Amino acid sequence: VDFVYRFCREYGYEPEFYQVEYDSISVGIGSGKFDIGTNVVVTEERGDSIILSEPYKDFEIAMVTLDEIVEDTNLIDSTLSSFHNTFIKDSRWKLFLEGTGTTLLITGLTIVFGVLVGFMLYLLYKQGYKNVNRVIDLISWLISGTPTVLFLMILYYLIFVGKADIGGVWVAVIGFTLMFGYSVFEIIRTSISAIGKGQEERARALGYSSSQSLFEVILPQSLKIAFPQLKSEIITDGEKTYILV
């Protein structure tokens with residue numbers, strides 16, 4: 001940091017520092033988002049895309065072995081000992097608690113934003129514009145055909161790489177929201193199509209507008225069909241979030 005400050009002062013630059021995830025450093029430099037990055041492992045592959053300085057720190061790798069033979073213990077004692085060392089002695093219960101909180105945060109925000117995105121997609125799809133509907137169908141096909149982990153990696157490493165104000169949690173929220181929103185869109189579309197066009201035609205004949213027919217006649221009936229599917233999708237989304245976190 002001192003070297004960067006001295007360099008910038010000498011040549012008239014104004015330095016800006018960002019703290020980002022470790023995996024984003026070399027990718028951010030390669031994409032031109034950063035000029036300088038520290039704590040990067042020197043490899044031949046990285047040397048092809050970015051300029052690497054001479055390493056200033058070498059780390060030695062040591063092999064660790066037991067100093068004495070450990071006596072065999074029964075399953076219960078071994079389990080209790082591992083539980084004590086992991087959760088109590090090393091205080092790793094804090095990691096599980098933090099992971100649970102992160103899971104609930106991502107799941108809750110995903111449900112709220114995903115429902116809004118899915119419903120807005122359906123309202124846009126309902127207008128009947130062919131080009132718009134083709135774009136929605138294409139995006140839905142891309143999202144549904146992409147594995148969850150791969151989709152999140154594309155968002156994190158390609159789209160939001162090097163963004164200091166967007167962490168991994170918010171990238172996960174955006175990714176799961178898009179995937180869950182697509183599912184909500186499909187659930188709403190199939191549920192409303194199961195009601196039949198006759199309901200809307202009768203409502204329009206009674207003087208209801210298009211929006212009144214949707215919100216007062218069609219949606220209340222279709223929600224009974226959509227809720228079980230939506231509940232199942234929420235559980236699946238929560239399981240994916242928990243596994244990834």
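All values below were derived from every heavy atom in this structure, side-chain atoms included, with hydrogens, water molecules and symmetry-related copies excluded. For clarity, every value in this text was computed on a predicted model and none was experimentally measured.
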Please find the pair of heavy atoms, one from [X] and one from [Y], that lie closest to each other, and give the distance.
X	Y	value
Thr177	Val117	CG2-CG2, 4.0 Å
Ile143	Leu178	CD1-O, 4.1 Å
Gln229	Ser191	NE2-OG, 3.9 Å
Phe119	Val184	N-CG1, 4.4 Å
Phe151	Gly175	CE2-O, 3.5 Å
Ile36	Val4	CD1-CG2, 4.3 Å

Under a 4.5 Å side-chain heavy-atom rule over Ile, Leu, Val, Met, Phe, Trp and Tyr, are [X] and [Y] clustered together?
X	Y	answer
Ile159	Phe113	yes
Tyr129	Ile136	yes
Tyr182	Val149	yes
Phe180	Met120	no
Tyr156	Leu105	yes

Q | Qualifying residue for ring pair (Phe, Tyr, Trp, His ring centres under 6.0 Å) with Tyr5, from Tyr13, Phe17, Tyr11 | A | Phe17
Mind checking the [atom1]-[atom2] spacing from [X] to [Y]? Nearest 0.5 Å is all I need.
X	Y	atom1	atom2	answer
Leu116	Ile111	CG	CD1	12.0 Å
Ile106	Ile174	CD1	CD1	11.5 Å
Leu123	Phe185	CG	CZ	10.5 Å
Ser222	Ile187	OG	CD1	11.5 Å
Ile225	Ile195	CD1	CD1	4.0 Å
Thr110	Met179	OG1	CE	11.0 Å

Q. Can you tell which of Asn131, Ile139, Val132 makes a side-chain contact (heavy atoms from CB on, under 4.5 Å) with Val135?
A. Ile139
Q | Passing option when Thr102 is tested against Thr107, Leu97, Val169 for side-chain contact (heavy atoms from CB on, under 4.5 Å) | A |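 When Thr107, Leu97, Val169 are each tested with Thr102, the side-chain contact (heavy atoms from CB on, under 4.5 Å) holds only for Val169.
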Q: Might you confirm whether atom CG of Leu206 has over 12 heavy atoms from other residues, nucleotides or ligands at distances under 6.0 Å?
A: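 Buried by this count: over 12 neighbours within 6.0 Å.
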Q. Got more than 12 heavy atoms from elsewhere within 6.0 Å of CD, Gln127?
A. yes
(Q) Walk me through whether Thr148 and Phe176 qualify under side-chain contact (heavy atoms from CB on, under 4.5 Å). (A) CA-CA 8 Å; Thr148 304; Phe176 280 115; 3.7 Å; yes
**Q.** Results of side chain to side chain contact (heavy atoms under 4.5 Å, CB included) for Asp137 - residues two or more places apart only
**A.**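 Asp137 satisfies side chain to side chain contact (heavy atoms under 4.5 Å, CB included) with Tyr125, Arg189 once adjacent residues are dropped.
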Q | Any Ile188 side-chain heavy atom under 4.5 Å of Leu121 side chain | A |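 No, side chains not in contact.
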Q) Is Gln221 reaching over with its side chain to a backbone N or O of Val217, donor-acceptor style, under 3.5 angstrom? A)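 Yes; judged by distance alone, with no hydrogens or angles, the pair exists.
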